[in-house]
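Encoded as structure tokens, the structure appears first; notes follow it.
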Amino acid sequence: MHMQKPYILLIPIILFLTFGWEGCRENSSPVLENPRIDSLEAKISLIKSISPNIAVELAHQGLQTSLEKKLPNYQLEFMGLIGSLFSNEGRIEEALEYFDRTIILAENLKDTLNQAKYLSRRGYAYLNGQQQDEAMEDITQAILILQKMSNSKQDEKVSLLYSANLNLMTLYAGREEYEKAFSYADSCKRLLEQRNDPINQASFLQEFAWLQLSYGTEQSDIETLKSSIENYRKGSAIYTANGQEFMAQSINLYIGDGFETWKNIILQNNEGEQNEEYFQLLDSSRFYLERHISYARAANSSRGLSAALQTLAQQKFELGKYREAKSHTLESLKVAGELNSQKDSTLGYFLMARIYENLGMLDSSIWYLKQDEFVKYNERLTAAEEALKFAEAGFQTDKKELENQKIRIQARQRLQGTISAAAVLVLLLISVVVYYYVSYINRKKLMAQQARINQQLVIDLMKEQTIESLNSKLEGQEKERKRVAKELHDTLGGTLAAVKLSMEGLKRSLDDNAREKFKHTQELLSMAYQETRQLSHDMMALPLKHLGLEPSIKSLCKTINSSGKIEVSYEAEIDESINFSNEKETHVYRILQELLQNVIKHAQANKVWVKLKNSHEGLSLSVEDNGRGFPKVINKSTHGMGLSNIEDRVTGLRGELDIESEPGKGSKVSILIPQTPEQKEEQQ
């Protein structure tokens with residue numbers, strides 16, 4: 001009979017330590033409803049250091065016993081422990097399965113502390129599995145739960161919060177989101193202040209220094225690199241003071257890397273020139289790397305040894321010490337081979353190729369380059385070998401089994417063919433439906449677009465008809481003005497002139513008394529004649545006909561000023577090379593007459609500002625007064641006729657009209673009459 005494996009004897013010991021004697025007796029129940037697990041993970045970790053598989057087996061035994069005894073708190077701890085063991089071994093899917101069960105159980109037990117604890121651990125498992133978004137979500141949720149908890153379990157709460165914030169700091173640092181990483185580092189610092197735990201403090205300093213080293217390397221920030229090196233040194237000192245010599249010595253590798261990065265930044269800033277500072281940093285880096293290498297050799301530890309040897313070899317290579325660089329690289333390749341590290345092997349072979357190239361030994365350089373290529377493809381070759389072994393094993397199977405497999409494969413192929421044909425048919429039907437649906441949607445869009453175009457054409461046509469109607473109306477008004485002006489000038493003006501001459505003949509036959517009244521009547525007659533003459537001129541726009549727009553407006557403003565009724569200030573910006581049609585200038589002149597007439601009649605203003613400007617874009621006119629103003633909605637019966645005439649003229653010229661006014665704050669009317677494309681082309 002074979003003897004049982006000795007570790008099996010540990011199972012009853014673990015169960016006894018975990019549940020106690022009362023919990024292991026078949027017919028007895030636990031003394032407490034919620035028994036406490038004292039240092040359960042510490043007990044299992046003793047076994048884990050011997051063999052992770054044994055630890056998992058023992059944890060399963062504990063879980064089975066807790067299920068039989070119906071002890072949910074123990075179930076919670078054992079399932080979480082199994083999840084952690086799987087996570088550490090890289091068995092991520094299995095770890096996630098146990099963490100899912102643990103979190104659900106903790107939620108059912110309303111155990112928020114353990115719910116947060118295992119959410120955080122599931123997040124760490126996601127992080128090990130390169131599922132960063134899921135990791136971030138779980139760890140963030142754990143932090144929110146812990147922050148809402150009371151302080152009844154303050155020590156455990158702070159410990160979990162610290163671990164969660166540290167994981168998020170590491171996660172964001174790996175994603176190079178340094179601002180968030182540093183914010184979580186600040187949270188870790190505040191939580192550490194609540195705990196007197198030097199080992200955790202040293203561990204945090206090491207992680208924080210790594211974050212600073214990453215950021216300083218990325219940003220070429222020397223000050224951050226200095227701070228990183230200082231924090232590494234502080235962490236190493238704390239480890240040494242607390243008997244953690246291995247951890248203290250392993251930090252030397254990172255300090256050496258810090259000085260190496262600092263040195264490279266100096267070299268870059270000096271455009272490749274090796275100055276005194278460069279050699280000082282090189283010596284510091286080499287000192288710490290050699291300390292790490294010496295300790296690793298003495299402790300028979302391969303941790304970081306290959307990386308340290310390669311960095312040291314690179315330094316020797318830069319100094320032209322190719323023989324020493326070669327010695328260090330060969331040792332690093334040996335360590336990388338023992339660890340089966342493809343990355344370190346690739347770097348080592350490439351460095352050896354460069355060393356031999358500089359030594360002039362091109363055959364050896366080419367050989368190492370080939371080794372480098374071999375390492376890169378080694379993984380694929382291994383996969384191919386596994387496939388070959390599988391094929392060879394297949395040939396050793398029974399002939400009948402092979403025939404059965406062939407039949408099953410053929411049946412599967414027929415089924416797959418049927419499924420494929422059905423899938424193709426379904427896809428074809430879907431394609432047809434999608435095609436007709438898309439065509440229908442496109443037709444609807446085209447019809448809607450055509451309807452909008454037709455509607456716009458109708459609107460444009462109606463607008464054009466309105467403009468033509470307004471132009472005909474304005475043209476008729478202008479003709480009527482000229483006719484009335486001619487009648488006033490030729491008929492009423494002539495009659496008044498004849499009356500004036502006739503009255504001159506009567507003057508001699510009057511006595512002194514009547515002559516005084518006659519004189520007054522003669523003055524009134526002269527005024528009537530002058531006003532009739534001026535009205536005739538205004539209606540015919542004679543100044544505009546003989547002088548042009550700008551002098552006519554200046555003359556109109558001067559005439560109003562001379563009346564003493566209101567002060568008119570006139571300003572013009574005129575480009576003599578730009579001409580507008582007589583029709584446009586006439587309309588602008590008429591608009592100004594209407595505006596000034598409205599100001600005089602309604603505005604109760606004592607000052608008006610008139611501005612005229614022409615350009616290749618068009619002709620602009622503004623009239624501003626300091627009168628009483630008017631509301632946005634005006635009374636058409638009192639103001640509407642004048643403004644309506646102005647709007648008609650502006651619309652007929654395809655122009656723009658803008659009215660600004662508030663009661664008590666005066667008003668401003670601006671118009672812009674654009675040049676037609678034909679006029680622009682003619683002037684250019």
Side-chain angles (χ1 to χ4, degrees), residues 169-170 172-186 189 205-237 250-293 304-329 332 343-344 346-359 365 372:
M169 181 194 84
T170 306
Y172 280 114
R175 291 163 66 121
E176 297 183 1
E177 296 181 39
Y178 293 112
E179 185 175 350
K180 291 182 180 178
F182 280 112
S183 71
Y184 282 106
D186 291 338
K189 290 177 186 177
L205 285 170
Q206 185 176 356
E207 294 293 333
F208 183 58
W210 174 79
L211 168 61
Q212 290 179 309
L213 180 60
S214 300
Y215 177 79
T217 303
E218 175 73 21
Q219 301 294 323
S220 297
D221 186 342
I222 291 176
E223 292 303 318
T224 304
L225 287 174
K226 290 179 181 178
S227 179
S228 169
I229 292 168
E230 184 60 30
N231 282 324
Y232 272 130
R233 285 170 167 167
K234 288 179 181 177
S236 179
S250 66
I251 288 177
N252 288 322
L253 172 63
Y254 304 108
I255 299 175
D257 284 344
F259 279 115
E260 174 69 10
T261 303
W262 185 356
K263 177 207 74 174
N264 290 335
I265 293 172
I266 292 296
L267 189 65
Q268 183 179 357
N269 292 343
N270 292 337
E271 298 181 354
E273 183 180 347
Q274 298 174 344
N275 58 10
E276 183 179 351
E277 184 180 9
Y278 167 87
F279 287 108
Q280 290 175 351
L281 295 169
L282 179 64
D283 289 342
S284 297
S285 175
R286 186 167 57 244
F287 171 77
Y288 282 100
L289 290 171
E290 287 176 346
R291 282 183 64 178
H292 175 78
I293 292 168
L305 181 57
S306 178
L309 286 164
Q310 286 188 4
T311 304
L312 198 59
Q314 182 66 37
Q315 291 176 354
K316 299 292 185 181
F317 178 81
E318 290 175 4
L319 294 173
K321 299 179 179 180
Y322 302 125
R323 302 289 179 186
E324 295 179 42
K326 173 184 169 184
S327 174
H328 291 312
T329 307
S332 78
K343 178 182 176 182
D344 286 347
T346 298
L347 293 173
Y349 284 129
F350 183 70
L351 184 56
M352 283 297 293
R354 293 182 63 198
I355 291 168
Y356 276 116
E357 180 184 4
N358 281 272
L359 288 172
S365 176
D372 182 24

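Keep in mind the model is a prediction, meaning the values are calculated, not measured. In this chain, numbering begins with 1 at the start of the sequence shown.
Taking the ring centre of Phe208 as origin, the terminal cationic atom of Lys189 falls inside the region bounded by 6.0 Å and 45° from the ring axis.
For the residue pair Gly348 and Thr329, the shortest heavy atom distance occurs at O-CG2, 3.4 Å. Smallest separation of non-hydrogen atoms from Ala185 and Met169: CB-SD, 3.5 Å. The minimum heavy-atom distance between Tyr322 and Ile355, with the atom names listed, is O-CG2, 3.7 Å. The minimum heavy-atom distance linking Gly235 with Ile251 is given by the pair C-CD1, 4.1 Å. Glu223 and Asp221 get closest at one heavy-atom pair: N-OD1, 3.1 Å. For the residue pair Gly258 and Ile229, the shortest heavy atom distance occurs at C-CD1, 3.9 Å.
Rounding to the nearest 0.5 Å gives a distance of 12.0 Å between CG of Asn270 and CD1 of Ile265. Expressed to the nearest 0.5 Å, how far CH2 of Trp262 lies from OG of Ser228 amounts to 11.0 Å. Here Asn275 contributes atom CG and Asn269 contributes atom CG; the two are 10.0 Å apart, rounded to the nearest 0.5 Å. To the nearest 0.5 Å, the span separating NZ on Lys263 from CG on Leu267 amounts to 7.0 Å. To the nearest 0.5 angstrom, His292 atom NE2 is 9.5 Å from Asp257 atom CG. Note that the CG atom of Leu282 and the CZ atom of Arg286 stand 5.0 Å from one another [nearest 0.5 Å].
Inter-residue side-chain proximity for Phe182 and Gln212 is flagged as met; some heavy-atom pair is nearer than 4.5 Å. Gln314 has its side chain out of reach of His328: every pair of non-hydrogen atoms, C-beta onward, lies at least 4.5 Å apart. The side-chain heavy atoms of Leu213 and Leu225, taken from C-beta on, include a pair separated by under 4.5 Å. In this structure, the side chains of Tyr356 and Lys326 come closer than 4.5 Å at one or more pairs of heavy atoms. Counting only heavy atoms from C-beta outward, the side chains of Tyr288 and Arg233 approach each other to under 4.5 Å. Using a 4.5 Å heavy-atom threshold, the side chains of Leu289 and Asn252 count as separate.
Of the possible polar contacts, none joining the Ser227 side chain to the Thr224 backbone as a donor-acceptor pair under 3.5 Å is found. Checked by atom type and distance alone, the side chain of Thr311 pairs as donor or acceptor with a backbone atom of Ala307 at under 3.5 Å. A side-chain donor-acceptor contact under 3.5 Å links Ser183 to the backbone of Lys180. Not one N or O on the side chain of Ser285 forms a donor-acceptor pair closer than 3.5 Å with the backbone of Leu281. Here the side chain of Ser214 pairs a donor or acceptor atom with the backbone of Trp210 at under 3.5 angstrom.
Taking the six-membered ring for Trp and thresholds of 30 and 60 degrees, Tyr178 and Tyr215 have ring planes more than 60 degrees apart, a perpendicular arrangement. Between Tyr172 and Tyr184, the ring planes lie parallel to each other; the angle is under 30°, not in the 30° to 60° tilted range.
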Q) Is there a side-chain contact (heavy atoms from CB on, under 4.5 Å) between Leu359 and Arg323 once you walk through the steps? A) CA-CA 9 Å; Leu359 288 172; Arg323 302 289 179 186; 4.3 Å; yes
Q. Does the side-chain contact (heavy atoms from CB on, under 4.5 Å) test come out yes or no for Leu253 and Tyr232, once each step is laid out?
A. CA-CA 10 Å; Leu253 172 63; Tyr232 272 130; over 6 Å; no
(Q) Glu230 vs Lys234, test: side-chain contact (heavy atoms from CB on, under 4.5 Å). Steps then yes/no. (A) CA-CA 6 Å; Glu230 184 60 30; Lys234 288 179 181 177; 3.9 Å; yes
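Using a cut-off of 4.0 Å between Lys/Arg side-chain N and Asp/Glu carboxylate O, Arg354 and Glu357 are scored as not salt-bridged.
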